[in-house]
Amino acid sequence: MAGTRFFVPAATDAAQAERVREAVIMFTKQTTGWDCSNRRIFRIKYRHEGKNYFAQVGERCPRVGELVVMILDSKTYLVCTQHRGVAGGQPVIVGKDEVYEIEDFEF
């Protein structure tokens, strides 16, 4: 089965998606103080406070009810939504030890 090619919701083309990605990484570094890897994550499944969650780019984040724009790999996993990591605020933080399944975008 073929994987999903990298995209950013609402980006009109690949160039715009890359610009948004770089801007989100810069903003996240400013708000958290953490560097991010070049990894491009499509979705993660994780357990937080006794509940299972599924975060996927292009779908609503069940913990905050907002569209997932990007998932970044840093000291933790950072689930970025419009108001949590993209246009303001800190991303939803998911501990590395909480994640039990991860899928990267296809290159």
Side-chain angles (χ1 to χ4, degrees):
M1 183 174 107
T4 302
R5 286 194 129 357
F6 177 72
F7 72 95
V8 172
T12 56
D13 58 29
Q16 184 182 32
E18 288 301 321
R19 288 191 301 273
V20 171
R21 182 176 182 277
E22 291 304 315
V24 170
I25 288 170
M26 278 183 27
F27 180 74
T28 300
K29 184 173 182 173
Q30 290 172 349
T31 59
T32 65
W34 303 337
D35 288 322
C36 295
S37 76
N38 288 326
R39 188 173 189 181
R40 293 168 187 238
I41 300 170
F42 175 53
R43 68 176 143 212
I44 58 174
K45 291 182 181 180
Y46 62 98
R47 188 162 182 80
H48 179 75
E49 295 181 349
K51 293 183 180 177
N52 290 322
Y53 292 97
F54 179 80
Q56 178 175 308
V57 174
E59 300 291 328
R60 295 222 170 264
C61 175
R63 286 176 55 196
V64 297
E66 295 181 17
L67 185 71
V68 176
V69 176
M70 199 168 303
I71 302 171
L72 300 174
D73 181 11
S74 186
K75 289 184 179 185
T76 64
Y77 293 108
L78 306 169
V79 178
C80 301
T81 68
Q82 182 178 2
H83 298 105
R84 303 275 314 251
V86 175
Q90 287 200 351
V92 176
I93 294 175
V94 178
K96 297 242 177 176
D97 61 339
E98 294 179 309
V99 175
Y100 59 86
E101 189 175 311
I102 190 163
E103 182 181 337
D104 293 326
F105 280 104
E106 175 185 275
F107 282 100

If hydrophobic clusters are built from ILVMFWY residues whose side chains come within less than 4.5 Å, do Val57 and Ile93 share one?
yes
Do Val99 and Phe54 share a hydrophobic cluster, counting only Ile, Leu, Val, Met, Phe, Trp and Tyr and linking them when any side-chain heavy atoms are less than 4.5 Å apart?
no
Any side-chain heavy-atom pair of Gln56 and Val68 under 4.5 Å
no
Using residues 79-88 as the side-chain source, report each donor-acceptor pair under 3.5 Å to any protein atom, sequence neighbours left out, with the distance given to one decimal.
| unit_1 | atom_1 | unit_2 | atom_2 | d |
| --- | --- | --- | --- | --- |
| Thr81 | OG1 | Glu66 | OE1 | 2.7 |
| Thr81 | OG1 | Arg84 | N | 3.2 |
| Arg84 | NE | Gln90 | O | 3.0 |

Distance (rounded to the nearest 0.5 Å) between Glu22 CD and Cys36 SG:
10.0 Å
Looking at Phe6, does the NZ or CZ of Arg40 lie under 6.0 angstrom from its six-membered ring centre and within 45 degrees of the ring axis?
yes
When you measure from the centre of the six-membered ring of Tyr53, is the NZ or CZ of Arg63 under 6.0 Å away and within 45° of the axis?
yes
Side-chain ion pair, Arg47 and Glu98, N-O less than 4.0 Å
no
For the CD1 atom of Ile71 and the CD1 atom of Ile102, what is their distance to the nearest 0.5 Å?
7.5 Å
Rounded at 0.5 Å granularity, tell me how far OG in Ser74 sits from NZ in Lys29.
9.5 Å
Cluster link Leu72 to Leu67, ILVMFWY, side chain under 4.5 Å:
no
Rounding to 0.5 Å, atoms CD (Glu101) and CD (Glu103) come to a distance of 8.0 Å
To the nearest 0.5 Å, atom CZ of Arg43 lies from atom CZ of Phe105 at 10.0 Å
Is there a continuous path of hydrophobic side-chain contacts, each under 4.5 Å between heavy atoms, that joins Trp34 to Met70?
yes
Any chain of hydrophobic side-chain contacts (each under 4.5 Å) joining Phe27 to Ile25?
no
How long is the span from the CD1 atom in Ile44 to the OH atom in Tyr77, to the nearest 0.5 Å?
7.5 Å
Side chain of Arg60, backbone of Gly65: donor and acceptor closer than 3.5 Å?
yes
Going through the checks in order, is the salt bridge (charged side-chain N to carboxylate O under 4.0 Å, His left out) test met by Asp73 and Lys96?
CA-CA 9 Å; Asp73 181 11; Lys96 297 242 177 176; 2.4 Å; yes
Can you name the closest pair of heavy atoms from Ala17 and Val8 and give their distance?
O-CG2, 3.7 Å
